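Being a predicted model, the structure only gives us computed values, none of them experimental. For reference, positions follow the sequence shown, starting with 1. Any value given below was found using the heavy atoms of this structure, including those in side chains, with hydrogens, waters and symmetry copies removed.
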Amino acid sequence: MENLKKYIKSLAAAAVILAVLVFGQPETKAAGIKMGSAGSEVTYVQSVLKKLGYFNDQTTGYFGPITTEAVKAFQRDFGLEATGGMGPRTTQLINDIDMMAHVVNGESRGESYQGQVAVAAVILNRVESKDFPNTVYDVIFQRNAFTAVYDGQYQLQPNYIAYHAVKDALLGWDPSYGSVYYYNPSLATDQWIFTRTVTKQIGNHNFAY
């Protein structure tokens, strides 16, 4: 739970930026919707909550009682105030989970579930590290950080497994043991990565710091 506590603290700062930006940036999608709202932003929230197991109905694009209760359950699990509305911190968390799921899917969808959780954990470990940017968005879109962002696999639609892997990482499971790097030793071409200390091998990936 320590990772989650640190991450939730970071949401407060992100929420200030979110309140200023509101719409237009990838990390601010679905800002400001609430009971009675309708449209694509509601559909987006419902689809993420559905893949996380909170929304057990058809996505309708209408923010009614079922969506409100799904948001409340989500907020309770992640230590947020269970208002049922999409305030800045809830919006940021939904968007961060979605972005992370795209990375997990793009980078490790052929790996075991543990391997997918480990990839998600690396993102969070980078957010916490002084050597990397301090938001999920900036970590993911840092230049040359993740192959999937640049080869187009980030754009593929993740399945529910990727979303649950992100959830487990946020709730404290770190199979990478604090790693901030991972690589496939059979495919890596940058010799620098082989100088890093390996903490664990999971499937095709070595995890390292």
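- Rounded to the nearest 0.5 Å, atoms CZ (F146) and CG (D151) are 13.0 Å apart.
- Counting only distance, with no hydrogens or angles, the side chain of Q46 and the backbone of Y62 share a donor-acceptor pair below 3.5 Å.
- Contact check for Q142 versus F132: side-chain heavy atoms found under the 4.5 Å cut-off.
- You'll find the side chain of L52 stays beyond 4.5 Å of the side chain of D77, heavy atoms only.
- With sequence neighbours excluded, the residues forming a side-chain contact (heavy atoms from CB on, under 4.5 Å) with Y177 are T199, K200, listed by chain and number.
- In this structure, Q153 and L156 have side chains that are in contact, with non-hydrogen atoms separated by less than 4.5 Å.
- Scanning both residues, D174 and A121, for their nearest heavy atoms gives OD1-CB, 3.2 Å.
- Within the structure, salt bridge (Lys or Arg N to Asp or Glu O under 4.0 Å) contacts touching residues 50-72 (residues at least two apart or in different chains) are E69-K72.
- Using a 4.5 Å heavy-atom threshold, the side chains of Q157 and N105 count as separate.
- Using a 30° and 60° split on the angle between ring planes, F78 and F74 fall in the tilted class, from 30° to 60°.
- Taking the ring-ring contact (aromatic ring centres under 6.0 Å, His included) definition, one finds that F55 meets it with nothing, sequence neighbours left out.
- For the atom pair OG of S108 and CD1 of I161, the computed distance is 10.5 Å after rounding to the nearest 0.5 Å.
- Side-chain N/O atoms of N125 and Y209 include no donor and acceptor closer than 3.5 Å.
- Checked by atom type, the side-chain pair Y182/E107 shows a donor-acceptor distance below 3.5 Å.
- If you look at Y181 and W192, their ring centroids are closer than 6.0 Å.
- Side chains of T90 and Q75: a donor-acceptor N/O pair is present below 3.5 angstrom, by distance only.
- Relative ring orientation between H102 and Y154 is described as tilted, the plane-to-plane angle lying within the 30° to 60° band.
- Between N206 and P185, the closest heavy-atom pair is ND2-CG, 3.8 Å.
- With rounding to the nearest 0.5 Å, the separation of CD1 in I33 from OG1 in T43 is 9.0 Å.
- By the 4.5 Å heavy-atom criterion applied to side chains, Y44 and K29 are counted as neighbours.
- To the nearest 0.5 angstrom, L49 atom CG is 10.0 Å from N56 atom CG.
- A side-chain donor-acceptor contact under 3.5 Å links T91 to the backbone of M86.
- Closest approach of F194 and A188 over heavy atoms only: CZ-CB, 3.9 Å.
- Across every non-hydrogen atom of V104 and A165, the tightest pair is CG1-CB, 4.5 Å.
- Taking the six-membered ring where tryptophan is involved, the planes of H205 and F207 are perpendicular, since the angle between them exceeds 60° and thus also 30°.
- Between D96 and Q92, the side chains place a donor N or O and an acceptor N or O closer than 3.5 Å (distance only, hydrogens not considered).
- In summary, the side chains of Y113 and D168 do present a donor paired with an acceptor at a separation below 3.5 Å, with no hydrogens or angles considered.
- H164 and G53 make their closest contact through NE2-N, 4.1 Å (heavy atoms, listed as atom of the first residue, atom of the second, distance).
- Residues P158 and Y163 meet the side-chain proximity criterion, which asks for heavy atoms closer than 4.5 Å.
- Although no hydrogens or angles enter the test, the distance criterion places a donor-acceptor pair under 3.5 Å between the side chain of T135 and the main chain of D138.
- In this structure, R126 contributes its side chain and V180 its backbone to a donor-acceptor pair below 3.5 Å.
- Rounded to the nearest 0.5 Å, atoms CG (N134) and OG (S129) are 10.5 Å apart.
- Residues E41 and F63 are not in side-chain contact: their nearest non-hydrogen atoms beyond the backbone lie 4.5 Å or more apart.
- Between I202 and Q114, the shortest heavy-atom distance links the atoms CG2-OE1, 3.8 Å.
- Side-chain contact between S186 and N204: absent, with no pair of heavy atoms (C-beta onward) separated by less than 4.5 Å.
- Atom CE of M100 is separated from atom CG of N95 by 13.0 Å, given to the nearest 0.5 angstrom.
- When the shell of 6.0 Å around CD1 of I193 is examined, it contains more than 12 heavy atoms from other residues, nucleotides or ligands.
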